[in-house]
Amino acid sequence: MRREIRRCMVRYRLRHNRRQGKQLAPWMITLGVAAVVALVCTAVLEARLRPMVVLAAQAQAQNAITAVAEETVVEDLAQRGVSYDDFVTIQRDSSGTITALTTDMAALNLLRAQLVADVLEALEGVDVSQIQVPLGSLVDLDILWGLGPTLKVHAMTVGTVDGEFFSEFTSAGVNQTLHRICLKLTVPLTLMLPGGAVETVSETELCVAETVIVGQVPQTYLDAGQ
């Protein structure tokens, strides 16, 4: 009888020791807690920094697209020898008073199509797909601006560029008006950021032709901007 009791006690101790062996070690529990805390801190930090990352990436993309568009349009206009008189005719009466400003819309539309095609081709041939944002620029400290590791952002165009002409009339002196014909280029972009993609639009405004009109420009043209 005593032998049976001793055997039962031995079996119980062995089972108890095995169960204790299966319990998690203290270092494993500490490691798990540390991992959870790290994930929570990362999520909070990302939620706070993401708006600044988006703004910085949009600014970088805008600068990259604008640089390519400006260089392409300026070179194209220089090669074509475009002037203000190619698009606008100023009509005056016998006393020299301006009576009308006639715009050659067919010539403007042809130029717009050519410039848009050239800009689109330039964007495809230039590597603006990868933008780097220094993490120091996300901190509101001038001393850290542009410093630290960089965050690589992939910007993808959707393969379209939209162009639209508009006019600007500004005073250039006594009885003088500066008339500028400008082109607004719109390029849709997709920024691939940590945490998901962001849709944005790059807009660039460029002066195509300008002149100083001597005389009083009719108010109807000033109000319409054309």
Worked verdict on Thr204 versus Glu70 for side chain to side chain donor-acceptor pair (under 3.5 Å)
CA-CA 8 Å; Thr204 305; Glu70 286 183 350; over 6 Å; no

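The backbone N or O of Val68 lies less than 3.5 Å from a partner atom in the side chain of Thr72, making a donor-acceptor pair. A distance-only check finds a donor-acceptor pair linking the side chain of Gln62 to the backbone of Glu203 [under 3.5 Å]. Proximity of a side-chain donor or acceptor of Asn109 to a complementary backbone N or O of Met105 within less than 3.5 Å is detected.
Here the straight-line distance linking atom CG of Asp85 with atom CG of Asp104 works out to 12.0 Å at 0.5 Å rounding. Separating the CG atom in Leu120 from the CG atom in Leu115 is a distance of 12.5 Å, to the nearest 0.5 Å. The line from OH of Tyr84 to CD1 of Ile213 is 4.0 Å long, rounded to the nearest 0.5 Å. A distance of 11.0 Å separates OG1 of Thr170 from CD of Gln176, quoted to the nearest 0.5 Å. The distance from the OG1 atom of Thr200 to the CD atom of Gln58 is 4.0 Å, given to the nearest 0.5 Å.
Checked by atom type, the side-chain pair Asp86/Ser83 shows a donor-acceptor distance below 3.5 Å.
Within the 4.5 Å cutoff, the side chain of Leu183 has heavy atoms near those of the Arg112 side chain. Side-chain contact check for Phe165 versus Thr103: every heavy-atom pair is 4.5 Å or farther apart. Between His179 and Ser167, the closest side-chain pair of non-hydrogen atoms falls below 4.5 Å. In this structure, Cys207 and Arg180 have side chains that are in contact, with non-hydrogen atoms separated by less than 4.5 Å. For the pair Leu111 and Leu77, the minimum side-chain heavy-atom distance is below 4.5 Å.
Applying the 6.0 Å contact sphere to CD of Glu164 captures no more than 12 heavy atoms from other residues, nucleotides or ligands.
Residues Leu178 and Ala172 come closest through the heavy atom pair N-CB, 3.9 Å. The two residues Ile98 and Val214 have their closest heavy-atom pair at CD1-O, 4.1 Å.
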